[in-house]
> 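Input: one structure, supplied below.
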Protein chains: 2
Amino acid sequence: MATIDVCLSPELLPLYHLEGKLVIVVDILRATSCMVTAIAHGVDHIIPFDNLEECAGMKAQGYLTAAERDGKQVEGFDFGNSPFTFMNPEVEGKKIAVTTTNGTACIKKSEGAKEIGIGSFLNLRAVAAYIRTTKSDVVIACSAWKGKPNAEDTLFAGVLIELLPEFEPESDNCLLALTLWKAAKENPVGFINETTHVKRLHKLGITDDIEFCMKQDVYPIMLLIKEGQIQKA
Amino acid sequence: MATIDVCLSPELLPLYHLEGKLVIVVDILRATSCMVTAIAHGVDHIIPFDNLEECAGMKAQGYLTAAERDGKQVEGFDFGNSPFTFMNPEVEGKKIAVTTTNGTACIKKSEGAKEIGIGSFLNLRAVAAYIRTTKSDVVIACSAWKGKPNAEDTLFAGVLIELLPEFEPESDNCLLALTLWKAAKENPVGFINETTHVKRLHKLGITDDIEFCMKQDVYPIMLLIKEGQIQKA
C-alpha cells in the first residue's frame, strides 16, 4: 500500500525521505494558486526562483516576472501574487519567472523527490486523480508562513488525505491535517478568515484573492515540474 | 495582552523569539510526564542531558540515571521512561540525570527563554495557573517525534490554549492545536490510540503508561528549570 504524509513546514522537509516519492507543493495563499491559474490561462511554463535578482534577470530571456514579499508585489516586476492578474489574455503562450515569500522556497527544498507536483484547491481533484494514477508514496509539502505551519496549507493537506483513503498515513501530521479539515469543511473561507495569516492579508486589502483561492476544482489541470519548469502534466 | 504560541517541533524553535518569554516544554509520551511524576514522588531535582555518555557519567556524582532511546530503556541505566518506575519510595530525596529521544533535546533548544517550565497532562492546571500568574508571553514547545509534530503534544498545547482564553494566539499553530484538542477531548486516550506514535509504543508493549500520561491533574505541581536543574517551582 502506498503511503501519504504531510510536512507542515519547509523547515521540516529535511526530516522526510523524498527519494522515490511524489511531492505535492502547496502554498494556497497564494503562490501555487497563482501558478495553477496562470497555466490554466495559457502560460507556457513558470520557473520558480529563490531570490529577486535572479528572477528579475529572466526579463532578458523574454520572461514576464512576478515577485511577492510579505504579501506585497515587489516594484519593477510585472506581477505580484494575485491570481486575478493572471486571468489575462496577454499571458497566453508566455513564460513567467516567479519568486514568493514561501512557495518557491518550498519547491526548492523539495528537490530530491522523484517528482514534484503543484497543488491548490483550484486543481484539487486533478491532483488527487494524478496521485491515484501514479500510486507513488506521497508527501504533501506545505509552504507555511516563514517556516511556521499555517492553516490554509494544512487544510489542503487534510482534504487531499480525505480524498485518498487508499493511501496509508505515515505520521501524526496526517491526523492533524485531516482533523483540521473536518472542522473547517462546512465553511472553509469562514474558518481561515479567523487565522493570523489571513488577518495579515486582510490588513493589506487582500480579500477577493482569499475567497478565490479556497474554491475547489476551478481548473481541472495537473502541474508538474520538469527540468525546473512548472508546466501542465 | 500577553500572547500564546505553539511550536510543533523542536526543529522549528529557532523561528520563535524566546527572549523574555516563558517556554513550556512538553513531551507527553513520556519525558515530561515522567519528570512531573518523579518530582511529585519526592525527587529533589532532575538534570536533562542530550547524550547517553554525559548522563551515565552523573552516577559518579551520586545521581540516579534514566535513559530512553526509541521508546526503550537503555542498558546500564537505573530507569527508562515509564512514569510508574518513579512511583517508588526509593527515589525520595534523590537526584536524577535523564536523557530521552525527544524531550531533553527540546529542553536544550529552549535555552534563551526567560524561563522554562515543564508541562504534562499530569500537572495541566498547575501549569495553566502558573502561566496566568506570570502574565508572560508563552510558547508551548512540543517535543514531537524525531522532529515531526505528534498528536499528543499538540493536544496538550490545545487544552492549555483552551484554559487560557485571556492570552492572544500568536500564530495559526494555536488554531491547529485547539482544533485537534476539541476533536479529541471527549476521549483523548481513544483519539491518540489511533496515532502512529502510540501504535509504535503499543508494539513495544507500552499501554498503561499511555493511559496514565493522558490523565489530567494527578500532581498539582509546577516545575521550572533553575540553573539547569528541573525542580518544583
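Computed from heavy atoms alone, side chains included, the values below leave out hydrogens, waters and symmetry copies. Labels below follow one simple rule: chain letters A, B, ... track the order of the sequence lines, proteins then strands, and each chain is numbered from 1.
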> Decide if atom NZ of B/K182 counts as having more than 12 heavy atoms of other residues, nucleotides or ligands within a radius under 6.0 Å.
no
> For A/T154, is it the side chain, the backbone, both or neither that has a heavy atom under 4.5 Å from a heavy atom of chain B?
side chain
> What part of A/K146 is in contact with chain B, defined as an atom under 4.5 angstrom from a non-hydrogen atom: side chain, backbone, both or neither?
backbone
> Is the count of non-hydrogen atoms from other residues, nucleotides or ligands lying under 6.0 Å from A/Q216 atom CD greater than 12?
yes
> So A/W181 and B/T179, do their side chains get closer than 4.5 Å, heavy atoms only?
no
> For atom NZ of B/K135, decide whether the heavy atoms of other residues, nucleotides or ligands shown that lie under 6.0 angstrom number more than 12.
no
> Is atom NZ of A/K114 surrounded by more than 12 heavy atoms (other residues, nucleotides or ligands) closer than 6.0 Å?
yes
> Please determine whether the number of non-hydrogen atoms from other residues, nucleotides or ligands lying under 6.0 Å from atom CD of A/E162 exceeds 12.
yes
> What residue, out of A/T196, A/D5, A/L180, has the most heavy-atom pairs lying under 4.5 Å from chain B?
A/T196
> Side chain, backbone, both or neither: which part of A/P169 has a non-hydrogen atom closer than 4.5 Å to chain B?
backbone
> Could you check whether atom NZ of A/K199 has more than 12 heavy atoms from other residues, nucleotides or ligands sitting under 6.0 Å from it?
yes
> Would you find more than 12 non-hydrogen atoms of other residues, nucleotides or ligands less than 6.0 Å from B/H17 atom NE2?
no
> Do you know the tightest heavy-atom contact between B/D172 and A/P149?
CB-O, 3.9 Å
> Under 4.5 Å heavy-atom distance to chain A, tell me which part of B/T195 shows up: side chain, backbone, both or neither.
both
> Do you know which of B/N150, B/L15, B/N173 has the most heavy-atom pairs under 4.5 Å to chain A?
B/N173
> Please report the closest heavy-atom contact between A/L12 and B/G147, naming both atoms and the distance.
CD2-O, 3.6 Å
> Can you tell which of B/V198, B/I192, B/L175 has the highest number of heavy-atom pairs within less than 4.5 Å of chain A?
B/L175
> In terms of heavy-atom pairs under 4.5 Å with chain B, which of A/C7, A/A183, A/A151, A/A184 leads?
A/A151
